[in-house]
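Structure, as structure tokens:
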Protein chains: 2
Amino acid sequence: MLSNSSKYALKAVLYLALHTDENNKMMVKDFSERINVPKAYIAKLLQELAKRKIISSAKGPYGGFYITESNKKHTIMEIIEIIDGKKRIESCMLGLEDCNEKKPCPIHSLISPSRSKMIALLKSKTIDDLAKDLELNKVFLPV
Amino acid sequence: MLSNSSKYALKAVLYLALHTDENNKMMVKDFSERINVPKAYIAKLLQELAKRKIISSAKGPYGGFYITESNKKHTIMEIIEIIDGKKRIESCMLGLEDCNEKKPCPIHSLISPSRSKMIALLKSKTIDDLAKDLELNKVFLPV
DNA sequence: TCTTAAATATGATTAATATCATGTTTTTAG
DNA sequence: CTAAAAACATGATATTAATCATATTTAAGA
Ligand code: FES
Ligand code: FES
């Protein structure tokens, strides 16, 4: 469902949401191993997210990646869509051109309602929401 | 969520469920293009399913693959698990060791209930169920 | 201004999937 | 008993995704 890349991106974004802000930036090398993702790999992903304004970054000495309150308003789904694309998450699981009720594949009725629910939730939850859950120790970030 | 391989396998199995039985076997070369899957590729997948008794096969002249009433009692999930493995479908989406309520990852509560529902449905539906839907033109098999 | 430190852009390499190919075994019919 | 036709077993190749590497750009501070 999710690619490795978006798993990694989500982990990194949430880690940054907990540990950074405008005045506390963090370099890739200082957190990549904390979330157990290869440095060069996560760097590439975060660069893409920074370009798309989901997270923030600053070049040069004392620079790094960081997440502002404004960044935190972005949803989990936005991150997934940037990394994986809409198609991966919304297309027909058996390969029909379109996935909809008009011309459903044999497993559409089995998976579509659940998947829609899932997508709706991922669209409704922001980085901030999940960061709060983490702070309250209600959930745990994989290493 | 599903690999290409299990998509293909499902398409092939459902096609066979509609068009074959003990007395009407079908060779790979006679249906692979009907479901738009490379001949050698689908052959390999079906051989695995035949070995696991999900479908039936006969070697030699007048042989081929076919699906018996007994075969039709197998569930969709069985096919997916044989091709993709349990892990692909049930593991934590962010990469936690185990996926459960005891130590949930940040998106567990967003995706787990829906996914469980989905899995339950895939486990409850048999090849026969979906074949019947196809016969009634309630659903459509991707080419 | 110059050095250093960071992200950025781009491309190379490696690993995993998907795809293709081919020789072997089994079965049927003549 | 033999020839042909099918699945079966195994491995090779190609494509895609994951990972790594590096030169470039930008900014800070001396
Ligand atoms: S049509 Fe296949 S999943 Fe919706
Ligand atoms: S713990 Fe991550 S999906 Fe369940």
Side-chain angles (χ1 to χ4, degrees), chain A residues 1-13 16 20 22-33 35-67 71 80 82-85 87-89 95, chain B residues 1-13 16 20 22-33 35-67 71 80 82-85 87-88 91 95:
Chain A
M1 183 128 195
L2 299 189
S3 68
N4 242 334
S5 292
S6 56
K7 278 185 203 182
Y8 289 172
L10 281 175
K11 290 207 303 184
V13 167
L16 291 173
T20 69
E22 289 92 307
N23 308 310
N24 297 282
K25 308 181 177 67
M26 215 167 172
M27 303 186 284
V28 165
K29 66 169 178 172
D30 286 336
F31 65 86
S32 64
E33 55 189 27
I35 58 171
N36 200 31
V37 178
K39 189 163 73 73
Y41 191 11
I42 194 60
K44 198 176 203 175
L45 296 172
L46 291 184
Q47 281 162 27
E48 179 68 19
L49 292 177
K51 188 158 57 174
R52 303 287 293 273
K53 309 288 188 192
I54 304 297
I55 66 176
S56 305
S57 63
K59 285 182 177 180
Y62 297 87
F65 290 98
Y66 61 103
I67 289 196
N71 289 147
I80 294 172
I82 285 170
I83 306 291
D84 284 347
K87 236 183 90 186
R88 180 179 182 119
I89 201 113
Chain B
M1 180 128 193
L2 298 189
S3 69
N4 241 334
S5 292
S6 57
K7 277 185 204 182
Y8 289 171
L10 281 175
K11 290 207 304 183
V13 167
L16 291 172
T20 69
E22 289 90 308
N23 307 310
N24 296 283
K25 308 180 177 68
M26 215 166 173
M27 303 185 285
V28 165
K29 65 168 178 175
D30 286 336
F31 66 87
S32 66
E33 54 190 27
I35 58 172
N36 199 31
V37 179
K39 190 163 72 73
Y41 191 11
I42 193 59
K44 200 177 203 175
L45 295 172
L46 291 183
Q47 280 162 28
E48 179 68 19
L49 291 177
K51 188 157 57 172
R52 302 287 294 272
K53 309 289 188 192
I54 304 297
I55 66 176
S56 305
S57 64
K59 285 182 178 181
Y62 298 87
F65 290 98
Y66 60 104
I67 288 196
N71 289 146
I80 295 172
I82 286 171
I83 306 291
D84 284 348
K87 236 182 92 186
R88 180 178 183 119
S91 59

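First the proteins, then the strands, lettered A, B, ... as listed; each starts at 1.
- Checked by atom type, the side-chain pair Tyr41(A)/Ser5(A) shows a donor-acceptor distance below 3.5 Å.
- Partners of Ser91(B) according to the side-chain hydrogen bond (donor to acceptor under 3.5 Å, both in side chains) rule, which considers only residues two or more places apart in sequence or in another chain, do not exist here.
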Nucleotide N/O to protein N/O under 3.5 Å, stretch nucleotides 24-28 of chain D:
from    : atom 1 : to       : atom 2 : distance (Å)
dT26(D) : O4'    : Lys59(A) : NZ     : 3.4

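- Within a 6.0 Å radius of CD in Glu22(B), more than 12 heavy atoms belonging to other residues, nucleotides or ligands are found.
- One atom, CE of Met27(B), and another, C1' of dC8(D), lie 16 Å apart when rounded to the nearest Å.
- Every residue two or more places apart in sequence or in another chain was checked for a ring pair (Phe, Tyr, Trp, His ring centres under 6.0 Å) with Phe65(B), and none qualifies.
- Residues satisfying the side chain to side chain contact (heavy atoms under 4.5 Å, CB included) criterion with Glu48(A), sequence neighbours excluded, are Lys51(A), Arg52(A), Ile82(A).
- For the atom pair OG of Ser6(A) and CG of Asp84(A), the computed distance is 3.5 Å after rounding to the nearest 0.5 Å.
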Quick test: give all pairs of protein nitrogen or oxygen and nucleotides 13-18 of chain D nitrogen or oxygen below 3.5 Å, distance rounded to 0.1 Å.
from    : atom 1 : to      : atom 2 : distance (Å)
dA18(D) : OP1    : Asn4(A) : N      : 3.3

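- Between Glu48(B) atom CD and dC8(D) atom P there is a gap of 11 Å when expressed in whole angstrom units.
- Not counting sequence neighbours, the partners of Asn24(B) by the side-chain hydrogen bond (donor to acceptor under 3.5 Å, both in side chains) test are Asp21(B).
- Screening Lys39(A), Lys44(A), Gln47(A) for a side-chain contact (heavy atoms from CB on, under 4.5 Å) involving Val28(A) leaves a single residue, Lys39(A).
- Listed by chain and residue number, Asn71(B) satisfy the side-chain hydrogen bond (donor to acceptor under 3.5 Å, both in side chains) test with Ser56(B) (two or more places apart in sequence, or in another chain).
- The footprint of chain B on DNA chain C, defined by a heavy-atom cutoff below 4.0 Å, extends from dA18(C) to dA29(C).
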Shorter than 3.5 Å, N or O on both sides, protein versus nucleotides 9-11 of chain D: list them out with atom names.
from    : atom 1 : to       : atom 2 : distance (Å)
dA9(D)  : N7     : Gln47(B) : OE1    : 3.1
dG11(D) : O6     : Lys44(B) : NZ     : 2.3

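- Along DNA chain D, the nucleotide nearest Pro38(A) and the nucleotide nearest Lys29(B) are compared for position; the residue whose nucleotide lies closer to the 5' end is Lys29(B).
- With sequence neighbours left out, the salt bridge (Lys or Arg N to Asp or Glu O under 4.0 Å) criterion links Lys53(B) to no other residue.
- The ring pair (Phe, Tyr, Trp, His ring centres under 6.0 Å) check on Tyr66(B) picks up nothing, with sequence neighbours excluded.
- Using a distance-only test at 3.5 Å, with no hydrogens or angles considered, a donor-acceptor pair links the side chain of Lys11(A) to the main chain of Ile35(A).
- Not counting sequence neighbours, Asn4(B) has no partner by the side-chain hydrogen bond (donor to acceptor under 3.5 Å, both in side chains) test.
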